Each structure stands twice: as structure tokens, then as C-alpha cells.
Amino acid sequence: MVMSFTDMRRVPSDWLQERLETVKSLTDDNNLEMYEVAKDKMTGEHYLHYAYLHKQIAAIGPETNGEEIFHHLMPIDSDDVLGLVFGEQFFTYPDHWNKTFLRNGPDGDYVWFDPSYTEQEVESDEIGANLQEQLLRFKQSPERTEEAVRKLLEELDRTLGKDDNN
């Protein structure tokens, strides 16, 4: 039985080279960036493949030219394949990469990366800024009564999405 890459924690790069074939090249930016739709020949699963050349000037030396190519592979379903092939769907990284995808990892293997943490970071930053603003307003207010503190705590709880039942 052939195992899907989506069922593996780490995917050896040589497996990807053996099993993936290009269905359609989407863009190729002078060898700096490349997007293509690729298909796993063994499972029929499709991936949006993004590769880019990273030039690290400080790493240029006798053993290296300071260039490294990074690859990302995002699983896509049939509808997305059609949308990409016919140019009806956006695909640029990182703007349209909102699902877990494979990327170069340790020891030449590919590992799964979940980009959803960035959305959570933005939300957490907004909540933190709101809390900071509420605390600053309280600190600048001359009122320090028990009722003022209770109102502050209730307002902080609302900001954090807590209610009396939590």
C-alpha cells in the first residue's frame, strides 16, 4: 500500500523527487521563484509547489556560492487544481498559503508546517494592545474605588472573551 505524504510526519526529499511530476507550471521568475501544480504519481494527490532561491551574501566562500533553494508543497484538492490551472485562483506565498504544507526541513527531509499561528499572533497582539490601553486608562484615572476596580476587571474579562459562566 502506498502511503500519502499527508500521513507522514517527515517526508524524505528523494521520495518527493521520485513521486512528483509537474502538471502545470504557473510562474517562473528568472530562476528566483517558481510555482507549479505537481501530482503524486502514486496517490494522485496534487500539490502547489513553490520554490525560491535564497542568496545569502555573507555565506559566499570557497565551498559555497551562498545560494540555497527552498521548496514548499501545499496539498490542494481537485477544485483548487482546476482553479490554479485555469488561472482563476490566487496562489502566491505567503498570502494564499493558509493550509498546512510541507517545507524543507532537517536532514534533507520535508516537514509539515502549520501557518495558522500567524493569524493567532495577530489576534493576540490586538488583544494585548486593547488590554494595555484599558490598563493605561485606569492608571491615569484618579478613581481607585472598589467599584472602579470591579468595572476594570469586567472590561478586561470581556476583552479576553470571558463571561460569568467561565
Side-chain angles (χ1 to χ4, degrees), residues 4-11 13 16 26-38 45-60 66-166:
S4 169
F5 296 137
T6 58
D7 295 331
M8 304 169 68
R9 272 190 68 201
R10 290 171 66 129
V11 179
S13 59
L16 291 169
L26 301 174
T27 65
D28 194 346
D29 183 19
N30 296 325
N31 297 323
L32 297 176
E33 278 191 337
M34 181 274 306
Y35 290 92
E36 68 182 10
V37 174
E45 296 169 321
H46 287 86
Y47 295 86
L48 176 56
H49 178 197
Y50 168 58
Y52 65 95
L53 176 67
H54 175 73
K55 294 185 178 192
Q56 189 172 358
I57 305 300
I60 296 176
E67 295 181 348
E68 189 173 0
I69 297 176
F70 292 94
H71 297 272
H72 300 335
L73 293 153
M74 183 173 59
I76 51 177
D77 60 30
S78 299
D79 290 341
D80 290 333
V81 171
L82 293 174
L84 291 166
V85 168
F86 292 117
E88 298 170 352
Q89 187 167 328
F90 296 109
F91 54 83
T92 54
Y93 177 85
D95 300 330
H96 300 96
W97 286 60
N98 51 12
K99 298 189 288 189
T100 301
F101 60 89
L102 279 171
R103 69 178 186 180
N104 296 66
D107 306 321
D109 290 347
Y110 284 66
V111 294
W112 290 100
F113 175 74
D114 183 359
S116 66
Y117 81 92
T118 56
E119 292 172 9
Q120 294 166 351
E121 269 186 353
V122 169
E123 184 179 327
S124 294
D125 287 347
E126 289 172 359
I127 290 170
N130 196 335
L131 292 172
Q132 186 175 17
E133 182 181 314
Q134 291 170 350
L135 292 170
L136 183 61
R137 275 197 317 263
F138 180 77
K139 185 178 178 181
Q140 293 172 345
S141 169
E143 190 176 353
R144 295 284 188 269
T145 65
E146 185 177 323
E147 182 60 28
V149 172
R150 186 182 344 274
K151 282 183 179 180
L152 170 67
L153 293 175
E154 288 172 358
E155 190 177 330
L156 295 175
D157 281 346
R158 276 192 301 279
T159 300
L160 292 171
K162 296 179 180 179
D163 58 27
D164 294 334
N165 298 326
N166 286 348

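Computed from a prediction, not measured in an experiment: that's the story for all the values here.
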Worksheet item: Judged by modelled atom types alone, do E126 and N130 share a side-chain donor-acceptor pair under 3.5 Å?
Response: no
Practice prompt. Go through the steps to decide whether Y35 and Y93 satisfy the test side chain to side chain contact (heavy atoms under 4.5 Å, CB included), and finish with yes or no.
Written response: CA-CA 9 Å; Y35 290 92; Y93 177 85; 3.6 Å; yes
Worksheet item: V81 versus F86: any side-chain heavy-atom pair under 4.5 Å?
Response: no
Worksheet, complete the sentence: Between L48 and W97 the two heavy atoms that sit nearest each other are O-CH2, 3.3 Å
Discussion item. For a 4.5 angstrom cut-off between non-hydrogen side-chain atoms, does L131 reach Q134?
Written reply: yes
Discussion item. Closer than 3.5 angstrom, by distance alone: can the side chain of S13 be matched with the main-chain N or O of G108 as a donor-acceptor pair?
Written reply: yes
Fill in: Distance, nearest 0.5 Å, that separates CG of D77 from CD of E45
11.5 Å
Worksheet item: Checking side-chain hydrogen bond (donor to acceptor under 3.5 Å, both in side chains) for the pair H72/H49: CA distance, chi angles, key distance, verdict?
Response: CA-CA 6 Å; H72 300 335; H49 178 197; over 6 Å; no
Worksheet item: Taking 4.0 angstrom as the limit, do E146 and R150 come out as a salt bridge?
Response: yes
Worksheet item: Can you tell me if S141 uses its side chain to pair, donor with acceptor, with the backbone of R137 under 3.5 Å?
Response: no
Worksheet item: For the atom pair CG (D157) and CG (L152), what is the distance rounded to the nearest 0.5 Å?
Response: 9.5 Å
Practice prompt. To the nearest 0.5 angstrom, please state how far the CG atom of D125 sits from the CD atom of Q132.
Written response: 11.0 Å
Discussion item. Using a 3.5 Å distance criterion without hydrogens, assess whether the side chain of K99 forms a donor-acceptor pair with backbone atoms of P75.
Written reply: yes
Worksheet item: If only atom types and distance count, is the side chain of R10 paired as donor or acceptor with the main-chain N or O of W112 below 3.5 Å?
Response: no
Fill in: Heavy-atom check, side chain of R9 versus side chain of V111, under 4.5 Å
no
Worksheet item: Would you say F5 and L102 make side-chain contact, with heavy atoms under 4.5 Å?
Response: yes
Worksheet item: Between CG of N104 and NE2 of H54, what distance do you get to the nearest 0.5 Å?
Response: 12.0 Å
Worksheet item: Is there a donor-acceptor pair closer than 3.5 Å between any side-chain N or O of Y110 and the backbone N or O of L73?
Response: no
Worksheet item: Looking at CD of E154 and NZ of K151, how far apart are the two atoms once the value is rounded to the nearest 0.5 Å?
Response: 9.0 Å
Discussion item. For V37 and L26: C-alpha separation, side-chain torsions, deciding distance, then whether side chain to side chain contact (heavy atoms under 4.5 Å, CB included) applies.
Written reply: CA-CA 7 Å; V37 174; L26 301 174; 4.0 Å; yes
Worksheet entry | Heavy-atom side-chain proximity of V149 to R144 below 4.5 angstrom | no
Practice prompt. Would you check if the side chain of T92 reaches a backbone N or O of D95 as a donor-acceptor pair within less than 3.5 Å?
Written response: no
Fill in: T27 and E33 side chains, donor-acceptor separation under 3.5 Å
no
Worksheet entry | Evaluation steps, side-chain hydrogen bond (donor to acceptor under 3.5 Å, both in side chains), between T145 and E147 | CA-CA 5 Å; T145 65; E147 182 60 28; over 6 Å; no
Worksheet item: CZ of F91 to CE of M74: how many Å apart, nearest 0.5 Å?
Response: 10.5 Å
